[in-house]
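Everything below concerns the one structure shown next.
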Number of protein chains: 2
Amino acid sequence: MIDTPDEAPFPSLSEADALPPSEQHAQQYAAVRNAHETELLEDYVELIGDLIVHQGEARSADIALRMGVSQATVSKMVGRLKSLGLVASKPYRSLFLTEEGETMARMSRERHAIVLQFLRALGVSDDTARIDAEGMEHHVSQETLDAMQRFSRQRGIPD
Amino acid sequence: MIDTPDEAPFPSLSEADALPPSEQHAQQYAAVRNAHETELLEDYVELIGDLIVHQGEARSADIALRMGVSQATVSKMVGRLKSLGLVASKPYRSLFLTEEGETMARMSRERHAIVLQFLRALGVSDDTARIDAEGMEHHVSQETLDAMQRFSRQRGIPD
DNA sequence: CAATACAGTTAGCCTTTGCTAAGTTATTTA
DNA sequence: TAAATAACTTAGCAAAGGCTAACTGTATTG
Ligand SMILES: [Mn+2]
Ligand SMILES: [Mn+2]
Ligand SMILES: [Mn+2]
Ligand SMILES: [Mn+2]
């Protein structure tokens with residue numbers, strides 16, 4: 001049997017980091033699963049809000065086009081958004097955000113903008129920054145957002 | 001009908017950013033959907049590799065504990081990993097990574113480490129950095145990884 | 001104003017990712 | 001070594017998020 005000392009004589013530089021305690025580890029994954037539950041809702045309400053601002057109204061066909069999914073998929077998702085009280089609409093008519101939907105949209109938009117600006121300030125190209133921000137935004141805590149904002153303000157491109 | 005000028009006389013400072021062209025916008029969301037398809041696979045192989053290194057073997061019960069899911073969920077996922085050729089095992093025995101699994105685990109682990117180190121270098125606390133890195137890692141392009149690594153090396157905590 | 005085109009919905013299918021409950025195999029210990 | 005415990009698997013269920021095909025309603029326009 002190979003001799004396994006209780007404590008290494010000195011820590012090797014190439015030694016891999018130890019695993020975190022399992023409860024903490026589990027919490028990491030739980031936070032990710034949690035984010036996944038609201039991600040799409042956030043992107044939908046954000047997009048609906050943006051369409052209302054930029055095009056005057058939010059129509060399912062536009063959402064489908066911009067999301068890159070079928071209209072049927074949008075229709076089903078809109079049903080879910082309505083049942084969650086985030087969106088209001090009459091059959092065959094365009095979409096509106098409820099108060100709650102507006103709030104979620106505003107928060108998502110702000111968070112999205114912070115992440116995007118941060119990536120640009122880091123030196124990432126615009127196209128890549130947009131792609132990465134679309135996914136990263138949902139996995140960024142307030143603490144990290146604050147750090148990003150500090151960084152952007154300090155050495156970022158103005159505006 | 002309301003008069004809509006072809007071009008605004010001058011850009012307002014508080015004007016919201018225009019929406020990206022719809023094809024580009026759709027590509028952003030497509031990239032996120034794409035990342036979601038491999039995310040869990042990456043976390044599983046990474047964890048299996050880590051367990052083998054740190055505990056000598058990877059057992060389903062450990063994975064379930066660390067992932068924070070039921071053993072049944074792990075069992076089903078392991079079936080998928082095997083069918084994808086990432087994992088090998090005999091019924092009721094512990095798990096091994098195939099060559100392909102090792103490769104995916106190594107890449108995931110490296111990417112994960114870059115993101116984690118970067119967040120710490122940005123000034124984010126360890127606990128938060130771990131949580132955010134677990135989700136962000138799957139949505140970070142090579143270009144962004146490079147930028148993160150540059151930043152960490154330049155003003156990061158050494159090691 | 002009728003025909004057509006466009007927009008929205010519904011039905012039915014699939015995959016992924018989770019769960020619980022019940023069974024099977026392996027390991028530990030009395 | 002038999003019983004008990006722990007580990008693993010299987011079956012069956014559900015929700016989320018995709019799809020296509022078929023249908024219904026709205027808007028345009030000849
Ligand atoms: Mn967004
Ligand atoms: Mn997004
Ligand atoms: Mn990881
Ligand atoms: Mn992860």
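Order of the sequence lines fixes the chain letters, A, B, ..., with proteins taken first and strands second; residue numbering starts at 1 for each chain.
The side chain of B/V69 sits closest to C/dG18 out of D/dG25, D/dG17, C/dG18. Across D/dA7, D/dT20, C/dG18, the shortest atom-to-atom separation from the side chain of A/R33 is found for C/dG18. The side chain of B/K76 lies closest to D/dG12 when the candidates are D/dG12, C/dA7, D/dA16. With D/dG17, D/dT26, D/dC8 as the choices, the nucleotide that has an atom nearest any side-chain atom of B/R59 turns out to be D/dC8. Taking the side chain of A/T73 as heavy atoms from C-beta on, and the options D/dT26, D/dC19, D/dG17, the nearest nucleotide is D/dC19.
Protein atom CD of A/E57 is 14 Å distant from nucleotide atom C1' of C/dC6, rounded to whole Å. Between the P atom of D/dG18 and the OH atom of A/Y44 lies a distance of 6 Å, rounded to the nearest Å. As rounded to whole Å, 15 Å separates atom C1' of C/dT16 from atom CD of B/E42. Regarding A/H36, its NE2 atom lies at a distance of 10 Å from the P atom of C/dG18, rounded to whole Å. Here the C1' atom of nucleotide D/dG17 and the CG atom of A/L41 are 11 Å apart, to the nearest Å. Summarising the geometry, the separation between CG on B/L65 and P on D/dC8 is reported as 12 Å, rounded to the nearest angstrom. Atom OH of A/Y29 and atom P of C/dG18 are 12 Å apart (whole Å). Between the NZ atom of B/K90 and the C1' atom of D/dA7 there is a distance of 17 Å, rounded to whole Å.
Residues A/R130 and A/D126 are paired through a salt bridge, judged by an N-O separation under 4.0 Å between the basic side chain and the carboxylate. Salt bridge present: B/R111 and B/E42 bring a charged side-chain N and a carboxylate O closer than 4.0 Å.
Scanning all heavy atoms of the two residues, the minimum distance from A/R120 to A/A129 falls at CG-CB, 4.0 Å.
Between B/S70 and A/Y92, the residue whose closest nucleotide on DNA chain C is further toward the 5' end is A/Y92. Comparing A/L40 and A/P91 by the nucleotide of DNA chain D that holds the closest heavy atom to each, the one mapping nearer the 5' end is A/L40. Residues B/Q71 and B/R80 each lie close to DNA chain C; by heavy-atom proximity, the contact nearer the 5' end of the strand is made by B/R80.
Heavy atoms of B/S60 sit under 4.0 angstrom from primed sugar atoms or phosphate atoms, though from no base atom.
Between B/S60 and B/Q71, the side chains place no donor N or O within less than 3.5 Å of an acceptor N or O (distance only, hydrogens not considered). A/S125 and B/E143 form a side-chain donor-acceptor contact under 3.5 Å, judged by distance and modelled atom types alone.
Between A/D50 and A/Q55, the closest side-chain pair of non-hydrogen atoms is not below 4.5 Å.
Defining each end axis of the helix from C/dC1-D/dG30 to C/dA30-D/dT1 as the rotation carrying four pairs' C1' atoms onto the next four, with five pairs an end, the two axes are found to diverge by 0° to 10 degrees.
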Given A/D43 and A/H112, is the side chain to side chain donor-acceptor pair (under 3.5 Å) satisfied, shown in steps?
CA-CA 10 Å; A/D43 284 340; A/H112 197 145; 5.3 Å; no
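Aromatic ring centres of A/H36 and A/H139 lie closer together than 6.0 Å.
Put simply, B/S75 has no side-chain N or O that comes within less than 4.0 Å of OP1 or OP2 on D/dC8. At C/dG8, none of the side-chain N or O atoms of A/R93 fall inside 4.0 Å of OP1 or OP2 (strictly under the cut-off).
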